[in-house]
Amino acid sequence: MAYYITTPIYYVNAEPHLGHAYTTVVADVVARLKRLKGEEVFFLTGTDEHGDKIVRAAEKAGLNPKEYVDRIAAKFRETWPLLHIEYSRFIRTTDPYHKKVVQLVLQRLYEKGDISFGEYEGLYCFGCERFLTPKELLDGLCPDHKSPPTPLRESNYFFDLPRYQDWLIDHLRKHPDFINPPGYREEVLGLLREDLGPLCISRPKSRLSWGIEFPFDRNYVTYVWFDALLNYLSGIGYPEDPAWKKWWSVAEHVIAKDILKPHAVYWPIMLRALGLPVYRRLHVHGYWNLNQAKMSKSLGNVVRPQDLVARYGADRVRYFLLREMAFGQDAEFSEEALIVRTNAELANDFGNLVFRTLSMVKKYFGGRVPGPGEETPEDLTLRDRLLSAVRSYLSEMEAFRFHRALVTLNEAVAAANQYVDRQAPWELKKRGETERLSRVLYTLLESLRVLAVVLWPVMPKAMELLLRNLGLAPEEELHLERALSWGRLSPGGATEKGRVLFPRLEKPGFAQEEAREEAEMEEKLYPIEEFKKWDLRVAEVVAAERVPGTDRLLMLKVRCPEERTVVAGIAEYYRPEDLVGKKVVLVANLKPARIRGVVSQGMILAARDKGGLKLLVPEGEVSPGAEVG
RNA sequence: GGCGGCGUAGCUCAGCGGUAGAGCGGGGAUCUCAUAAGUCCUAGGUCGGGGGUUCGAGUCCCUCCGCCGCCA
């Protein structure tokens with residue numbers, strides 16, 4: 001059996017972040033699971049590198065677009081191996097073969113009549129070099145350039161979505177599992193209840209040159225989705241490499257919810273128009289919300305996957321990502337949660353089970369696998385619980401319910417820990433019941449072997465190490481069928497106690513930072529004498545005007561009671577005429593400073609937040625020059 | 001504004017028509033093979049508000065509120 005899984009190609013206007021990492025880890029885990037089952041797997045990921053955002057990001061970085069995309073694409077390629085992600089191919093939309101495929105598809109659909117030329121009218125901002133949507137405007141102005149956009153007509157190419165709308169609705173109805181989880185299928189059906197318009201798929205080269213040229217009109221390049229989505233076909237060699245058909249018939253995509261519409265609406269229609277079968281399934285996950293309060297500061301605001309791996313290790317991060325998020329829904333990410341979760345489930349429960357078992361085997365049997373002996377009902381109960389947990393784990397994993405899958409498996413781990421306590425091998429040892437002791441430890445070793453294999457897709461490196469510590473060769477054991485046949489460990493085999501698999505983390509980062517913060521707070525307290533150094537006074541504004549050539553500065557004449565000139569950066573919030581007569585608070589003993597040629601003799605106090613800036617004013621009547629303190 | 005999702009114990013979430021659940025944290029006890037780990041006991045939340053359907057509703061319907069996403 002073959003299996004083809006993809007991540008989206010990531011847009012290279014930013015470096016890899018947690019969301020990218022999650023999608024890619026999910027795809028890798030599923031790919032490994034399928035390989036474990038003996039299936040032949042193709043796993044595609046890559047980068048999306050065209051468009052005006054890239055051009056602008058490149059300009060900002062002082063590079064030409066190609067240099068820029070090369071640099072960011074490299075960051076993605078460097079990041080995935082750190083997370084132990086093993087993809088089959090990394091595709092870039094700037095690959096010559098991909099470009100060729102896009103052009104071929106455009107040509108074919110154009111000839112077929114699915115692409116037509118038409119006029120588009122919209123509000124264009126010359127500063128941004130793009131059309132703005134009505135929603136983006138602020139009081140009718142471009143939010144970035146504060147200028148009114150120009151109504152502009154532009155001719156473009158359009159893809160005829162409406163022609164296939166009914167077909168798509170029908171397809172969704174006939175294939176209930178086409179989109180997973182089912183909530184997103186409902187959402188798509190909702191989208192399709194309204195008429196789709198034609199999809200604009202071009203940009204005139206005069207406006208955007210960083211794209212793939214239309215084969216039948218050199219004045220245009222493709223825009224966004226038409227280019228990007230086709231990677232799923234070009235990445236497997238469509239149409240030249242005959243192998244593409246094998247993969248395409250079993251294709252499954254993994255995406256985040258923000259790109260649902262292109263994948264669930266545009267893409268199936270493109271495929272239909274091309275006369276190709278649609279992909280098999282679309283798996284949609286939610287967002288990671290970052291809980292800043294529970295983040296270590298040294299990591300910064302953006303969670304970089306590289307940093308997480310460096311700090312916690314790939315296996316722990318992979319486990320946490322799958323365990324913490326209910327696939328399809330949003331989840332909260334924090335390092336504190338990562339530490340707490342992996343401490344409890346990986347260190348205390350699973351890791352400790354491994355270590356105590358191997359420890360007893362070493363202590364009581366010199367590290368040799370003991371003989372299986374006779375199986376009692378207790379042994380059989382554990383074996384049954386474990387194997388049935390593994391079965392539901394596997395089916396939950398295949399359904400992309402990773403979260404539940406791991407919960408199920410943890411229950412089996414708990415059962416094994418209970419078994420250890422109830423059988424109390426140390427008692428058996430004391431009483432000299434070697435036969436029974438032998439059986440108990442054999443049962444535990446077998447349990448670990450099965451767990452190691454089925455958890456390998458999630459935590460490949462740690463589980464390979466565990467298998468080796470059990471005296472087994474990973475490449476021999478990593479086959480699901482073999483793994484599930486009880487009794488593969490042969491008595492006498494050498495085991496290794498090894499190192500603790502998942503050392504418990506004591507949250508040192510947080511304790512230290514909290515302490516440092518407290519210390520800083522302490523240092524930031526000052527005696528009142530410090531405050532008294534400042535000469536704060538009420539001042540009355542007698543005149544105000546803009547400082548020529550600036551957007552933000554006002555020049556104020558104030559009385560306090562002597563007259564002074566003060567420059568204040570409040571022009572975005574106050575008009576000069578509204579200020580005259582206002583009483584404000586002035587810092588009167590600042591060193592005079594020359595700002596834009598004007599000497600400012602003091603500073604006006606104001607409060608600022610998201611909503612803007614507000615001057616501090618006395619609540620009632622006071623005379624100019626009154627002391628503030 | 002339209003569509004969809006979410007709102008259940010301090011925290012993270014399961015449950016989706018039949019007497020409110022798990023894990024973590026908290027409290028108590030206990031074993032000693034083990035990573036100050038394990039095991040056992042314990043926690044009393046008007047299941048966002050209101051209305052309705054039903055013998056019976058976190059669980060279905062309507063409505064309101066809050067948060068999130070997509071779209072216009």
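Every chain is numbered from 1 and lettered A, B, ... according to where its sequence line falls, protein lines coming before strand lines.
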Quick one: label [X] by what it contacts on the DNA or RNA (base, sugar-phosphate, nothing), any heavy atom closer than 4.0 Å.
| X | answer |
| --- | --- |
| A:Y287 | sugar-phosphate |
| A:E186 | nothing |
| A:A326 | sugar-phosphate |
| A:N410 | nothing |
| A:P503 | base |

The residue, A:L346 or A:A414, whose nearest nucleotide of RNA chain B is more 5′ is A:L346
When the nearest nucleotide of RNA chain B is assigned to A:Y184 and to A:E411 on a heavy-atom basis, which residue is associated with the more 5' position?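 Looking at the nearest nucleotide for each, A:Y184 comes out on the 5' side.
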Of all the choices, [options], which nucleotide is nearest to the side chain of [X] once you look at every atom?
| X | options | answer |
| --- | --- | --- |
| A:F355 | B:rG4, B:rA34, B:rC13 | B:rA34 |
| A:K257 | B:rC68, B:rU39, B:rU32 | B:rC68 |
| A:S359 | B:rU12, B:rC33, B:rG38 | B:rC33 |
| A:A347 | B:rC68, B:rU35, B:rC40 | B:rU35 |
| A:N352 | B:rG23, B:rA37, B:rG15 | B:rA37 |
| A:H403 | B:rA37, B:rC13, B:rG4 | B:rC13 |
| A:R193 | B:rC3, B:rU12, B:rC33 | B:rC3 |
| A:W426 | B:rA34, B:rC31, B:rC70 | B:rC31 |
| A:N348 | B:rG4, B:rA37, B:rU12 | B:rA37 |
| A:R404 | B:rG15, B:rC24, B:rG38 | B:rG15 |

Distance, [atom1] atom - from [M] to [N], rounded to whole angstrom:
| N | M | atom1 | answer |
| --- | --- | --- | --- |
| B:rG23 | B:rC41 | P | 10 Å |
| B:rG56 | B:rG1 | C1' | 39 Å |
| B:rG2 | B:rU63 | P | 11 Å |
| B:rU53 | B:rG28 | C1' | 46 Å |
| B:rA9 | B:rU46 | C1' | 13 Å |

What integer distance in Å separates [X]:[atom1] from [N]:[atom2]?
| X | N | atom1 | atom2 | answer |
| --- | --- | --- | --- | --- |
| A:L189 | B:rG5 | CG | P | 12 Å |
| A:I339 | B:rG23 | CD1 | P | 22 Å |
| A:Y364 | B:rU32 | OH | P | 10 Å |

Does the Lys NZ or Arg CZ of A:K261 fall within the cation-pi geometry relative to A:Y266 - under 6.0 Å from the ring centre and within 45° of the axis? no
Between [X] and [Y]: side-chain donor-acceptor atoms closer than 3.5 Å:
| X | Y | result |
| --- | --- | --- |
| A:H263 | A:Y232 | yes |
| A:R391 | A:S395 | no |
| A:Y419 | A:S447 | no |
| A:R504 | A:N348 | yes |
| A:N410 | A:E345 | yes |
| A:E464 | A:W456 | yes |

[N]: pairing nucleotide in any strand, Watson-Crick or G-U under 3.5 angstrom:
| N | answer |
| --- | --- |
| B:rA22 | B:rU12 |
| B:rC3 | B:rG69 |
| B:rA57 | none |
| B:rU32 | none |
| B:rG45 | none |

Please tell me if A:Q329 has a side-chain N or O lying less than 4.0 Å from either OP1 or OP2 of B:rG69.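 For A:Q329, the contact criterion (side-chain N or O under 4.0 Å from OP1 or OP2 of B:rG69) is not met.
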Any A:K261 side-chain nitrogen or oxygen under 4.0 Å from OP1 or OP2 of B:rC3: no
